[in-house]
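Report on the following structure.
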Protein chains: 2
Amino acid sequence: MSAVSCTPNVGRPRAFDMDAALEKALEVFWRKGYDGTSLSDLTEAMGINKPSLYAAFGNKEQLFLKAIELYESRPCSFFLPALEKPTAYQVAEHMLHGAAMNMADSSHPQGCVVVQGALSCSEAAASVKEALINRRVEGEQKLKVRFDQAKIDGDLPPDTDTGVLARYLLTVLQGMAIQANNGACSEQLRQVAQMTLQAFPRAG
Amino acid sequence: MSAVSCTPNVGRPRAFDMDAALEKALEVFWRKGYDGTSLSDLTEAMGINKPSLYAAFGNKEQLFLKAIELYESRPCSFFLPALEKPTAYQVAEHMLHGAAMNMADSSHPQGCVVVQGALSCSEAAASVKEALINRRVEGEQKLKVRFDQAKIDGDLPPDTDTGVLARYLLTVLQGMAIQANNGACSEQLRQVAQMTLQAFPRAG
DNA sequence: AGATATATGTACTTATCGGTAAATAACCCT
DNA sequence: AGGGTTATTTACCGATAAGTACATATATCT
């Protein structure tokens, strides 16, 4: 079953693939940001007309939020899977290397749509900016919780400030999104990842 | 003499302060980004009408570029002054602490306009995006050159990869801009700065 | 004082913005 | 086959985007 479509068995069937269209919308929002994306950009990329877009996804804002959901649930997403690695160091390692690999991948826009989708934006975009901030802060909180567990597990020194460590790691990851936008390649991001890992506290 | 005005002694004198108006424009671009800022936003904040804006600053794009110049030449700017500190460590220290202090300062928008002014943007903003990328990459290059000198001075280990070190530091600084947008306060950014400095290579 | 030169306010232009009304088309069910 | 339901197409809406024409106001220079 599709993640987003919920096709009834009455009426004219939808002529386009909602998931494929959402993927196209994500690509546009990722590249141009919420304010920089027009409905014409979206309908052109998605291959549908505006009424189809509105009927299927609500409006621009709801489409954006659905695209973000898709972004975070994609196979190449690295954040949540990394949390399940057995040690704090491996969590950090997988996040940093995943980011290095993914953010400079030229098969899609550079960076991270959660970082750059609505960073500085118009008042019309205030609510989606808020939604993205919440996602980033929640990610940081999840990482802190994971590091708290690591302390219990004994793979972080007992005096570790897990809040600072999580914030530091997120700062580097978010900075890597900017670096990818600057044109940094995966190898260059990997070097940053490696330098970050060298400073990472090891098992006590 | 003013940085931007160049008043002739003929004709009706300008009724507003160009520098003050440019400061207002910077504030709006900083908070809303290039795409998110309308001319109405600008004229309202600057206290002038559109024809005055166009006569004085050219157009939206040129106004933005002048605002960025102002941003980088302000007294509270920390990047270029930090380059003149006597050792590589002190350069990093001043940049990181300057960023922690400045980016969360609530007397102006959070973060850094060079990072967030046109990160993901429309095609209309492509040239200003390019200009900002150039500024960021040039800053990184300047930092690398400074670290090369530090190696000669002997306050960085001789095997230091200065390019990676500069990129790592810029990654953290740019990440701190996102953190500030997330709502992080100066103290939280300072903790990130401190953690970054702990990993910084010390003299030989 | 008058000519010249620049700035200002009002009102306007064209294009595009996000969003929708209404008619038509394509399907399922009875 | 025909009714019910949903999707698609075309054409449109009011609002706002960036940018400007033009008349008027205010200064200096001669």
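Chain naming here is simple, since letters A, B, ... match the order of the sequence lines and numbering starts at 1 in each.
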Give me the ring orientation class for A/F29 and A/Y34: parallel if the planes are under 30° apart, tilted from 30 to 60°, perpendicular past 60°.
parallel
Scan A/A55 against the nucleic acid and name what it touches under 4.0 Å (heavy atoms): base, sugar-phosphate only, or nothing.
nothing
Within residues 37-52 of chain B: residues closer than 4.0 Å to DNA chain D (heavy atoms):
B/T37, B/S38, B/L39, B/S40, B/K50, B/P51
Please give, in whole Å, the distance from C/dG18 P to A/F57 CZ?
16 Å
Nearest whole Å is fine: how far is C/dA21 P from A/Y54 OH?
12 Å
Distance only, no hydrogens: is a donor on one side chain within 3.5 Å (strictly under) of an acceptor on the other, for B/N49 and B/S52?
no
Distance check, rounded to the nearest 0.5 Å: A/D41 atom CG versus B/E123 atom CD?
6.5 Å
When you measure only distances, ignoring hydrogens and angles, does the side chain of A/R12 come within 3.5 Å of the base of C/dA25 through a donor and an acceptor?
yes
Point-to-point distance, once rounded to the nearest 0.5 Å, from CD of A/Q191 to SG of A/C185:
7.5 Å
Short of 4.0 Å, heavy atom to strand atom, which residues of residues 121-128 of chain B count as contacting DNA chain D?
none
Taking 4.0 angstrom as the limit, do B/E140 and B/K144 come out as a salt bridge?
no
With a cut-off of 6.0 Å (strictly less than), are more than 12 heavy atoms of other residues, nucleotides or ligands near NZ of A/K24?
no
Nearest-Å distance, CG (B/N9) to P (C/dT4)?
17 Å
Answer yes or no: is there a side-chain heavy-atom contact under 4.5 Å between A/L119 and B/I178?
yes
Interface limits on DNA chain D, where chain B has a heavy atom under 4.0 Å of a nucleotide atom:
D/dA17 to D/dC29
